[in-house]
Structures are given as structure tokens and as C-alpha cells.
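All remarks here apply to the structure that follows.
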Amino acid sequence: MTDLVVPRRLVAGEPGWTTSADVVVVGSGIAGLTTALRLRQRVDRVLLVTKTVLNEGSTQWAQGGIAAALDPGDSPEEHLHDTLVAGCGICDVAAVTALVHEGPARVRELVALGAEFDRDAEGEIKLTREGGHHKDRIAHAGGDATGKEISRALIAALHRVQDDPGIEVIEHALVVDLLQDQDSRVCGVTLHVIGEGQMDGVGAATSRAVVLATGGLGQVYSATTNPSVATGDGMAAALRAGAVLADVEFVQFHPTVLWLGEGSSGQQPLISEAVRGEGAFLVDRDGVRFMQGRHPLADLAPRDVVSRAIVDRMQETGERHVFLDARHLGREFLEARFPSIVARCRELGFDTATELLPVAPAQHYASGGVRTDLVGRSSLDGLYACGEVSCTGVHGANRLASNSLLEGLVFAHRIADDISERLARGELPQSTPGAPSGAAALLDGSARVQVQAAMTDGAGAVRSAASLASTAEALRDLALAATSTEPDPDSWETTNLLHIGQVLTLAASLREETRGGHVRSDHTEQVDPRWRGHTLLVRGADTRVTTTFEPVAEQDLT
Ligand code: SIN
């Protein structure tokens with residue numbers, strides 16, 4: 001038992017309207033859209049709710065691509081091995097096995113659905129390489145606009161069935177909390193809709209199962225590659241409802257985020273790892289290629305290794321960034337292969353063909369999340385999680401590049417199949433939500449920058465016991481100051497960021513080692529075997545957070 005207290009729910013008005021479905025899917029990235037589309041063929045009524053509009057989530061921003069052993073010279077076993085190595089010994093082998101074996105078929109289905117990947121002269125899908133991969137296995141679209149193309153294809157598929165009464169989409173719908181029956185079974189969500197007519201304001205959507213596909217938590221930090229919608233809403237709601245979270249201390253900082261100057265905050269421009277995959281490399285201010293000799297894969301080492309090397313080099317030189325050199329790739333190639341990155345850099349005043357690009361690590365991906373089993377079930381009956389909000393065990397301590405779109409795709413299928421089979425067996429009856437109970441909290445939206453500053457200062461790319469303690473204290477002070485401010489989307493999101501920040505800081509302070517995305521300056525020795533396992537957190541009935549450590553068997557990472 002820890003002394004961290006997380007309230008049961010957010011302060012919100014009584015639902016003014018209700019709706020119902022067999023399954024509510026929350027989120028419209030690759031995970032949510034795939035789950036909803038597959039469920040729709042199997043159950044009577046699916047409700048897909050999304051916070052802004054269908055294409056606003058993180059999927060849209062994915063540049064590099066989707067990893068799968070599609071080449072005859074590659075194999076799922078090799079993809080498995082690279083994933084386990086990147087995950088630093090704590091991946092769930094069964095989850096990764098499912099990912100790499102089912103992945104190629106799922107990608108081909110995506111192609112059949114209409115996603116257009118880049119192809120070579122023979123018409124085969126072009127494959128490239130990113131950090132941590134020993135084979136070319138990253139399929140990409142529009143050069144560096146893979147997420148956009150996948151999102152387009154899935155949304156087009158949704159539009160083709162939108163007149164079907166079996167599926168309803170509600171946009172501008174922020175999920176506030178989960179509805180639970182008297183046995184804690186999840187039986188719907190409360191949500192705030194900026195709509196018109198009947199569905200406006202806070203309402204309740206009851207269902208026999210809820211799938212959280214709400215994406216990441218990047219906005220808990222001052223600078224991130226994640227879009228503004230990534231405020232950890234699903235993970236925070238699951239935490240308050242009493243679902244087990246796993247490995248939330250493992251946050252991936254992408255090594256090459258364009259450095260826009262001191263104090264630049266919010267979503268920052270990503271320079272895809274695929275640029276290094278095509279031959280670009282990192283240098284310091286003196287032109288030294290500091291990744292050489294640091295790791296056998298040099299500039300294409302796993303992301304945590306590259307980010308740490310950059311942070312070390314920044315400390316040694318006293319600079320706030322290093323540089324990415326892509327000049328030798330040539331203008332013609334860069335413009336054809338990376339049109340979006342080249343255009344964005346140009347808008348910001350950088351010529352990728354003639355100039356070094358200043359880059360520094362920034363928050364990119366949450367490797368932990370709502371703990372799920374192999375079919376996406378969380379610890380709460382009726383609640384599933386898919387994609388970045390979940391912790392399937394696929395990523396371990398550090399996600400392998402371009403495994404996230406694949407995870408969303410593979411586990412969405414598994415979840416849809418599990419739910420439809422259970423519904424057919426009558427295993428998920430619609431239960432009645434209990435009356436709201438327990439403490440409710442709300443932090444004013446104006447405190448968001450304070451949450452982000454506390455997290456960035458003490459729980460960012462490099463942490464220590466002292467820095468985490470001061471972050472925990474700052475967040476506790478903010479939590480104590482939480483008042484009954486008028487609820488609105490900004491205050492709900494800010495409170496979600498606070499709750500996620502608190503548990504992330506707690507988990508990071510417990511793990512006294514450096515492993516993957518969790519870097520402790522006071523425990524610099526790599527992967528202490530005593531910490532080979534998962535950090536589990538759960539909010540108990542008395543609102544206190546309990547933590548447990550679950551060891552993992554040693555894996556062959558040679
Ligand atoms: C990138 O393109 O570097 C990001 C891809 C990923 O996060 O997997």
C-alpha cells in the first residue's frame with residue numbers, strides 16, 4: 001500500500017441523456033477503428049466515440065510505418081527476437097508471438113481494405129529498416145505518411161458502412177469515467193459530447209463491454225510528438241475504476257525530434273527513425289558521429305539506447321540538442337521518400353538537403369498502460385484496452401520501432417473476436433450501473449502547465465530518486481489544491497494528466513534500475529536482474545494505490 005490516493009471519479013454533472021449499445025469503443029486510431037469495423041460484422045450494435053473528429057488521434061501522425069515480416073527473407077521468429085531485445089527482457093513472449101505471427105496477415109488485410117503502401121518497380125510492398133530491426137520489415141505509405149494513409153483507409157471503410165444501423169459514431173465525445181455495476185463490472189461510460197439536439201453535454205452510454213482505444217499520454221510532458229488529444233483519458237478512467245495498470249514508468253523518448261528552441265512546448269515535429277534507416281546519422285556540434293562504437297547497430301540502435309546517447313552527449317557538450325545529418329541523401333531522394341518531413345522542416349526554416357537538423361529526444365510513446373491479457377481483457381470484467389492505452393506486454397521496457405500500429409491491428413482483431421464469442425455465449429450480460437459513489441476530484445485546466453512542468457523536470461527522459469520525489473510532491477500539492485472548479489473538457493483532461501502523472505512518478509520511483517525507457521541517473525547500471533519484471537498498480541477500494549512487482553522468467557536476448 002502506498003500513500004498515493006486517486007479519487008474514484010471526476011467531478012461531472014449528472015448524465016442528461018443516455019444511449020446504449022452492445023459494445024462501446026472509445027477512440028478512432030488504428031486500434032479503435034479496427035475493433036469497431038470487425039465487431040460490426042459480428043454484433044448487433046457498436047457505438048464508436050471519439051474525442052474530436054475521426055482522424056485526430058496519434059495514428060494519423062505515425063510516420064515510419066508498420067513492422068511485419070512480409071519479406072520472404074525475413075521471419076516472424078526474427079521479428080520476435082528483435083522485439084524481445086528492444087523490450088529489455090520484460091516483454092510477454094506469448095503476446096509478442098501473437099503479434100509477429102498474426103501481423104503479416106493483418107497487414108495484408110489492411111491492403112485488401114484499401115490501404116496503399118509504397119511499392120517497388122515489381123509491385124511488391126517496399127520495406128525499410130528502423131532502430132532495433134535486423135531486417136528490412138517496415139512497410140510505409142506516402143513515403144513518411146503511413147499513419148495518415150492507414151487512417152484514411154479505415155475511415156473510408158467506416159464511411160462505407162455508416163448508414164448501417166449496427167454502427168454509430170459520435171465525434172467530439174470525451175469519455176469522463178467508466179460506469180460500473182455493484183460488482184465493479186464495467187457496463188458503459190459517461191461522456192461529454194459537444195453536439196446538438198439530444199446528445200449534448202454529459203450523457204451515459206451503457207453497454208455489455210467497453211473497449212478503450214484512447215491512445216497515449218504524451219501531453220503529460222511539456223514536449224511530445226503526440227497530438228493535443230493525447231491526455232491519457234482512457235488510462236486515467238481505468239485507473240479510477242480500479243483496473244490494474246502495468247509498467248507505466250516505461251515512457252519512450254524518441255531520439256530525433258526537431259529542436260525548436262528553449263521553451264518550445266506541446267506537439268513537436270518528429271523526424272522519423274526511417275530517415276536514419278535510409279542512411280542519415282547523428283553528429284554532435286563538432287561533427288563527431290557519437291553513435292559509432294556505442295552500439296553494434298550504431299545510429300539504428302534501439303530507441304532508448306540512441307536517446308540515452310544523445311542525452312549523454314548533450315550533457316558533455318552543454319548543448320540542448322545534437323544534429324541529424326541527412327544532407328548526403330540528396331534533395332531528390334529526401335523529397336520523394338520523406339515529403340511530409342521535408343515540407344514541415346521547410347515551413348520551420350530548415351532545408352534538409354543542405355542543413356544539419358537540430359534534434360533532441362522528446363516524449364513519444366507509453367510502453368505501459370492498462371494491463372490486458374492476450375485477448376485484450378483488463379482486470380475488470382467488461383473492460384478491454386487496445387493500442388497505446390493498453391499494456392499487452394508486447395513492448396516490455398521499450399517498444400521496438402513501428403510495432404505500435406501492428407499491435408493496434410493485431411489485438412483489435414483478437415478483442416473483437418473475443419467479445420463477439422462471449423456475447424454469443426451470453427457471457428457479457430448488460431448490467432445496471434451503480435449510483436456514482438466515492439470521492440470525486442477536479443483540477444482547474446489552468447494547472448495543466450504545472451503538471452507538465454513537474455513531470456518534465458523530474459520524471460522525464462532521465463530520473464532519480466530526488467527528482468521523482470520533488471515531482472511527486474509538486475503533483476500532490478496540485479491534487480490537494482484540486483477544487484470543485486466548474487467541470488469542462490479542459491479540467492477533465494488536466495485531472496487525467498495529474499492522475500497519470502502521479503502513478504507514473506510512483507512506478508518510476510519504485511524501479512531502482514535503468515531499463516529501456518526508464519533511465520535513472522542514480523541507478524545507471526543496466527537492467528538489474530532483481531528488477532526483471534512488471535510494476536503493477538491498482539487503486540483499491542479505499543482510494544489508495546497498491547503496487548506489486550511481478551517477476552518475469554529470464555529470456556535469451558543474445
Ligand atoms: C518514427 O517514424 O520514427 C516513429 C515510428 C514509431 O514510433 O514506431
Side-chain angles (χ1 to χ4, degrees), residues 9-21 23-37 40 45-61 147-148 151-152 154-159 161-165 167-179 188-207 210-219 226-238 266-267 386-389 442 444-445 448 485-497:
R9 60 202 169 87
L10 297 177
V11 173
E14 283 293 305
W17 53 271
T18 56
T19 187
S20 66
V23 188
V24 173
V25 178
V26 188
S28 60
I30 191 169
L33 288 169
T34 308
T35 307
L37 284 166
R40 183 214 141 254
R45 195 169 137 68
V46 180
L47 175 61
L48 175 69
V49 300
T50 189
K51 191 161 149 181
T52 54
V53 291
L54 283 172
N55 65 359
E56 273 288 301
S58 296
T59 295
Q60 175 82 359
W61 292 94
K148 210 179 232 171
S151 189
R152 182 207 62 74
L154 289 168
I155 292 170
L158 187 68
H159 285 152
V161 297
Q162 209 155 356
D163 290 339
D164 179 339
I167 189 157
E168 183 180 4
V169 177
I170 309 181
E171 294 184 310
H172 303 289
L174 169 68
V175 163
V176 179
D177 269 310
L178 298 171
L179 290 168
V189 296
T190 53
L191 68 175
H192 177 266
V193 178
I194 301 169
E196 50 189 31
Q198 198 233 334
M199 280 185 195
D200 188 22
V202 175
T206 57
S207 61
V210 171
V211 183
L212 293 176
T214 45
L217 49 73
Q219 295 293 329
N226 292 187
S228 61
V229 291
T231 50
D233 307 327
M235 204 189 297
Q267 187 180 13
C386 192
E388 190 171 353
V389 65
L442 199 62
D444 193 88
R448 184 184 294 229
T485 177
E486 202 47 42
D488 63 11
D490 192 16
S491 58
W492 287 317
E493 284 182 346
T494 302
T495 317
N496 288 334
L497 292 173

Apply side-chain hydrogen bond (donor to acceptor under 3.5 Å, both in side chains) to [X] and list each qualifying residue two or more places apart in sequence or on a separate chain.
| X | result |
| --- | --- |
| S491 | D488 |
| R40 | D164 |
| T50 | S28 |
| D177 | R240 |

Using the test side-chain contact (heavy atoms from CB on, under 4.5 Å), find all partners of [X] that sit at least two apart in sequence or belong to another chain.
| X | result |
| --- | --- |
| T59 | I30, S151, L405 |
| A31 | A213, C386 |
| A205 | T19, V24, L47, V189, L191 |

Side chains of [X] and [Y] in contact at under 4.5 Å (non-hydrogen atoms):
| X | Y | value |
| --- | --- | --- |
| T214 | V175 | no |
| H159 | L54 | yes |
| T494 | D444 | no |

Which heavy atom of [X] sits nearest to which heavy atom of [Y], and what is that distance?
| X | Y | result |
| --- | --- | --- |
| R45 | A21 | O-CB, 3.7 Å |
| P227 | Q219 | O-NE2, 3.1 Å |
| A236 | N496 | CB-OD1, 3.3 Å |
| P487 | L442 | CA-CD2, 3.4 Å |
| G13 | V202 | O-CG1, 3.6 Å |
| L212 | G234 | CD1-O, 3.5 Å |

Between atom [atom1] of [X] and atom [atom2] of [Y], what is the distance when rounded to the nearest 0.5 Å?
| X | Y | atom1 | atom2 | value |
| --- | --- | --- | --- | --- |
| L48 | E168 | CG | CD | 10.0 Å |
| N226 | L217 | CG | CG | 7.5 Å |
| L158 | L37 | CG | CG | 5.5 Å |

(message) If we ignore hydrogens and angles and just use 3.5 Å, is the side chain of W492 paired with the main-chain N or O of G445 as donor and acceptor?
(response)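 No; zero donor-acceptor contacts below 3.5 Å.
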
(request) Please collect all salt bridge (charged side-chain N to carboxylate O under 4.0 Å, His left out) contacts where either partner lies in residues 51-61, sequence neighbours excluded, each pair once. (result)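 Listed by first then second residue: K51-D233, K51-E493.
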
(request) Using salt bridge (Lys or Arg N to Asp or Glu O under 4.0 Å) as the criterion, list what pairs up with D490, not counting sequence neighbours. (result) R448

